[in-house]
Amino acid sequence: MARKKGREIHGWLIVDKPAGVGSTDVVGKVRWALDAKKAGHAGTLDPDATGVLAIALGEATKTVPILTEALKAYDFTVNWGAETASDDASGAVLKTSDIRPDAAAIRAALPAFTGEIMQVPPNVSAVKVDGERAYDLAREGEAVALAARPLWVESLELLGSTPDTAELRMVCGKGGYVRSIARDLGRALGCLGHVARLRRIWSGPFDAEDGIGFDRIDRANQAEIEAALLPLQAALADLPQLQATEMGATRILNGNPGQVLGHAEFGEEVWVSREGRALCIGRYMGGEVHPSRVFNLQPN
């Protein structure tokens with residue numbers, strides 16, 4: 001018997017992920033609930049974290065790299081006085097400190113963590129070491145030495161504090177680990193620290209407050225979920241949009257450079273549509289767009 005492939009569904013579903021659920025588990029449940037042929041997410045959230053998890057369906061998976069590069073915002077709580085093996089509350093305590101920073105000290109330390117910084121990921125992370133995930137090695141008891149990597153931090157601000165905690169908001173680029181910020185900030189302040197609460201409040205154009213609840217993702221609610229789907233191009237808000245001519249659209253859909261109307265910077269990444277139908281992502285090369293990803297969507 002042939003294996004059922006699922007339905008062709010294209011677009012984005014924004015889920016407000018609860019704590020205690022893995023990102024891949026959310027993707028799997030969305031795919032099951034919609035009987036979708038293809039699904040993926042645009043940026044992992046730790047199991048204990050909440051907030052925006054953007055699920056791409058069908059041809060929208062071709063836009064995942066665009067959203068992955070977008071800025072993201074996190075609200076999080078740091079508990080002072082302890083550093084843990086995972087840099088969050090789930091890990092074993094490694095060191096403790098009786099020092100507690102005041103709000104002025106915290107604010108004074110934040111500029112060192114903004115702009116282009118070098119960040120060492122947590123040992124319990126999805127970073128690969130010789131082909132294996134760091135969290136798998138950590139579970140096996142192996143010592144993991146992860147290399148520092150660059151991270152763009154657009155902003156890091158203190159929202160509030162108590163003697164034992166700090167509430168912060170960070171806006172950063174691709175590959176940022178909030179747990180590393182908490183760990184390194186605690187070390188800089190001499191008090192040690194780890195993440196106690198983490199919520200991604202927005203990712204690119206998608207906001208947590210617009211997300212569907214995880215408890216609503218069920219086959220019994222298929223119509224409700226479909227009503228919450230956003231079009232593929234929702235992830236392309238930061239790219240210039242150009243319109244293809246009739247002949248240009250035909251060429252683009254065959255993977256060839258096609259004529260477009262409008263203008264962008266030479267070599268700039270753009271997306272192209274025709275009569276409301278998204279056609280491709282590509283590079284503008286003076287009157288034509290050279291497609292890099294073509295969308296196989298039915299005409300409207």
Side-chain angles (χ1 to χ4, degrees), residues 16-23 43-53 71-115 117-127 134-135 138-139 143-144 146 148-149 151-173 175-203 207-209 214:
D16 188 351
K17 189 186 88 64
V21 181
S23 298
T44 301
L45 267 180
D46 291 340
D48 290 337
T50 69
V52 173
L53 190 66
L71 291 175
K72 301 163 184 65
Y74 301 88
D75 282 355
F76 60 105
T77 302
V78 180
N79 278 5
W80 304 125
E83 187 168 302
T84 72
S86 58
D87 299 318
D88 63 13
S90 69
V93 174
L94 302 178
K95 304 174 187 175
T96 60
S97 172
D98 293 329
I99 297 172
R100 296 293 184 270
D102 59 20
I106 297 168
R107 288 194 183 94
L110 297 184
F113 295 90
T114 58
I117 69 171
M118 295 299 292
Q119 182 185 79
V120 176
N123 283 343
V124 181
S125 65
V127 174
Y135 53 66
R139 287 194 195 106
V144 180
L146 299 178
R149 52 183 60 192
L151 171 67
W152 174 257
V153 179
E154 185 84 3
S155 62
L156 181 61
E157 59 179 314
L158 179 66
L159 303 178
S161 66
T162 70
D164 293 318
T165 67
E167 302 286 338
L168 298 118
R169 175 171 296 167
M170 179 173 76
V171 177
C172 68
Y177 282 96
V178 174
R179 288 178 288 145
S180 293
I181 293 289
R183 177 199 64 209
D184 295 344
L185 184 58
R187 290 176 180 176
L189 291 165
C191 61
L192 306 179
H194 62 271
V195 168
R197 179 192 65 87
L198 171 59
R199 180 168 176 79
R200 183 153 64 195
I201 56 175
W202 55 262
S203 178
D207 293 330
E209 62 185 22
F214 183 69

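Here, residue 1 is the first one in the sequence, and each next residue gets the next number.
If you take OG on S203 and CD1 on I201, they are separated by 11.0 Å, rounding to the nearest 0.5 Å. In this structure, OG1 on T50 lies 10.0 Å from CZ on R200, to the nearest 0.5 angstrom. Here D48 contributes atom CG and R197 contributes atom CZ; the two are 13.0 Å apart, rounded to the nearest 0.5 Å. Taken to the nearest 0.5 Å, the CG atom of L192 stands 10.0 Å off from the CG atom of D98. Separating the CG atom in L185 from the SG atom in C191 is a distance of 7.0 Å, to the nearest 0.5 Å. We find the CG-OG1 distance between L53 and T44 to be 8.0 Å, quoted to the nearest 0.5 Å.
The pair D46-K17 does not count as a salt bridge, with every side-chain nitrogen at least 4.0 angstrom from each carboxylate oxygen.
The backbone N or O of Y177 lies less than 3.5 Å from a partner atom in the side chain of Q119, making a donor-acceptor pair. Between the H194 side chain and the S86 main chain, no donor and acceptor come within less than 3.5 Å of each other. R187 places no side-chain N or O within donor-acceptor distance of the main-chain N or O of E83, the cut-off being under 3.5 Å.
Here the side chains of L189 and W80 are in contact, with some heavy-atom distance below 4.5 Å. Counting only heavy atoms from C-beta outward, the side chains of F113 and V153 never approach each other to under 4.5 Å.
Between I117 and A112, the shortest heavy-atom distance links the atoms CG2-O, 3.9 Å. What you find for G190 and S97 is that their closest heavy atoms are O-OG, 3.5 Å. Between V78 and G193, the closest heavy-atom pair is CG1-CA, 4.2 Å. Between V93 and A82 the shortest heavy-atom distance is CG1-CB, 4.1 Å. Scanning all heavy atoms of the two residues, the minimum distance from P121 to L146 falls at O-CD1, 3.6 Å. Nearest heavy atoms, V171 versus A73: CG2-CB, 3.9 Å.
Residue pairs meeting the side chain to side chain donor-acceptor pair (under 3.5 Å) criterion with at least one partner in residues 100-115, sequence neighbours excluded, are R100-D164.
Among L110, D75, V195, the one residue that satisfies the side-chain contact (heavy atoms from CB on, under 4.5 Å) test with L168 is L110. Each of V178, D16, V52, L45 was compared with R199 under the side-chain contact (heavy atoms from CB on, under 4.5 Å) criterion, and only D16 meets it.
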Side chain to side chain contact (heavy atoms under 4.5 Å, CB included) assessment of L156 paired with I181: CA-CA 10 Å; L156 181 61; I181 293 289; 4.2 Å; yes
